[in-house]
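In what follows, a single structure is set out as structure tokens and then discussed.
A, B, ... follow the sequence lines: proteins, then strands. Residue 1 opens every chain.
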Amino acid sequence: MKLSKYYLPTLKETPTDAELESHKLMLKAGMIRKVTAGVYSYLPLGFKVLKKVEEIVREEMNRAGAQEIKLPIIQPAKLWQESGRWGDFGPEMFKLSDRKENLFALGPTHEEIITDLVRNELNSYKDLPLTLYQINDKFRDEIRPRHGVMRSREFLMKDAYSFHTSQESLDETYQDMYDAYGRVFDRLGLDWVAVEAPSGLMGGGYSQEFMALADEGAEEIVVCSKCDYASNVEIAKYQTSSNEEKTDLKKTKEVATPGKETIDAVSNYLDIPSWKIVKTFIYRTDEGLVAALVGGDDDLEEMKLINHLGTPKVEMVSTESEIKEITGADFGSIGPVGLDIPIYADLDIKSLTNFTVGANKTGYHLKNVNWEKDIPNAKFINLRKVKRGDRCHNCGTKLDFHRSIEVGQLFQLGKKYSDSLEGKYQDQQGELNSYIMGCYGIGISRLVPAIIQQNYDNQGIKWTNSVTPFSMALIVLDADVSKTRKLGNKLYKGLNKRGYDVLLDDRSSSPGVKFNDADLIGIPVKIIIGPRGLDEGIIEVETRTGEKSEIGIDSGKTETILDELEQAISKPEAGTNTPV
RNA sequence: CGGGGAGUGGCGCAGCCUGGUAGCGCACCUGCUUUGGGAGCAGGGGGCCGCUGGUUCAAAUCCAGUCUCCCCGACCA
């Protein structure tokens, strides 16, 4: 490609609305442009990289035995109502209607559509297992789109779905997908880790997320450095403390705590350590109200409550009037004693004795509360958020915390969709069974900023060889002068013939512009043809990582120069950017 | 949903307080000179000042409403 003809509007100044480095760089490098909040156009450079990522994903999915299909973006509301997710997804879905006022959604995911497809065609156990996938645009009306195409409302995703007659068969395909994902992310040069994950709105059972490590990532994960345990913090397991207190149970006492509404305030006022005060949260669930209790120093992890209750949604009761109606007190004084609703308490506070809780009477707390005597109906489950210092539940090693970008997820869906949508096959005995399903996503458009986030410097992007938009930049200085221009064109043609995808910078701009653009857009190798070099009988090769070499051109034979060039850029360090 | 900020040529911004014919830098076009890490000179094109209404002889500027975008938060028990 000749740069003089290429639509590459690079920016010198950073657009002010970009926060994250990958977002800034994609704008500056002329890869994307914003159309409206969370919606982007891809320009030639960005689209080229996107397609390279897409192709790697496609190759590995095909290798894993999945078959590519394409499902519609427009989906009838009917199917979503059938699965019960029309309401669950709610405002996340872009909805529209046709001229007959039928309701539709722009697909945020495709479980309904694929189950519908398969249930009509696939009736025999002989046709299972089956894995289908597509690479298609998805639409989610995010609460807050962020960071360019990292979290956008229209995005490109690979989603695969598998259908099985048994858990064993699902396990097998799940493992195949896991392996395929590993190959994809390795080929992309990512520093990644797979973690246990909540299955959220997808429903179902076991799930893992693939995370690209990045300090600016939105997701927090814990990783054990000794064994192979790794998890999203939302469901992270850890060793619960079990230090039994050997003290006499004292008599419960109501104490005035006027205006003391926070744990810290109550702790200071009553001179009680904060870990001996128990926090109470009231949640509204599909099953009615529940109370959730954690230690004063701990945070409650909603996902753990959700998983335990098995309901897709819980909502904290958060208005003054409601809380007063339920507990009889204002925020700051609510507690579990005497509440006539199910009470779930964090395992870590099971061993507490003579602890303090709100009295359900504004301005008062109860001291010396004990489980059996005062809250006999409490059920103990893991409820609190994992925190620094927690130890691995497998091996007891201290857990490491990392931030990361979610780039893929595997789900074992089980029968959630096949049951609700009547997706059934006949088994050997002639009986009807629901398929057991899995689903597997990769955020293709998110992968591009994720890769950049792990590979950039002050000059710009540093592409890995597998996704670089061009294998090299052939920079012709003094391009209006025939000497350099002629040689540049010759080498350009020769390299193209040898199969390289070369960006020829034949613009008449000054050298600095060319060097900076090549570095900004992240091309792994620069080949520099300039008058100074020609006088010395050389052209220069410089990698994006800064290694320089020279090639003699005195022979005057193009093929010889090309041979030497090929040799120079095939050196292991040239143009590679091996991640840690 | 709550809080903060911003909407002025493609991009980055000034002008607004104190109303009086819309400006700067980059980018773009033409010409000449330039070419090893974002060149110089000269000339030039391009803006419903987010939108609607109001005040006024006169509104980018003042007032009201509205839309959009960005950032932070979405907790506290």
Who is the Watson-Crick or G-U wobble partner of [N], with both distances under 3.5 Å?
| N | value |
| --- | --- |
| B:A6 | B:U68 |
| B:U34 | none |
| B:A22 | none |
| B:C1 | B:G73 |

Salt bridge A:K387-A:D297, side-chain N to carboxylate O under 4.0 Å: no
- prompt: Is there a residue in residues 364-387 of chain A whose heavy atoms reach under 4.0 Å of RNA chain B, and which residues are they?
  reply: none
Selection from [options] that lies nearest to any side-chain heavy atom of [X]:
| X | options | answer |
| --- | --- | --- |
| A:R153 | B:C69, B:A39, B:C76 | B:C69 |
| A:S510 | B:A39, B:C70, B:C76 | B:A39 |
| A:P511 | B:G37, B:U34, B:G25 | B:G37 |
| A:K34 | B:C76, B:U34, B:C69 | B:C69 |
| A:I143 | B:C1, B:U35, B:A77 | B:C1 |
| A:D299 | B:A77, B:C76, B:U68 | B:C76 |
| A:N516 | B:G36, B:G38, B:A77 | B:G38 |

message: My understanding is that only residues two or more places apart in sequence, or in another chain, count here; which of them pass ring-ring contact (aromatic ring centres under 6.0 Å, His included) with A:Y6?
response: A:F470
- prompt: Closest nucleotide of RNA chain B for A:L11 versus for A:S333: which of these residues is on the 5' side?
  reply: A:L11
field: Geometric class of the A:W371/A:F380 ring pair [parallel <30°, tilted 30-60°, perpendicular >60°]
entry: perpendicular
query: Listed by chain and number, what are the salt bridge (charged side-chain N to carboxylate O under 4.0 Å, His left out) partners of A:E550, not counting sequence neighbours?
result: none
query: Do we get A:R140 above A:F155's six-membered ring, with its NZ or CZ under 6.0 Å from the centre and within 45° of the axis?
result: no
- prompt: Whole Å only: how far is the CG atom of A:D517 from the C1' atom of B:A27?
  reply: 13 Å
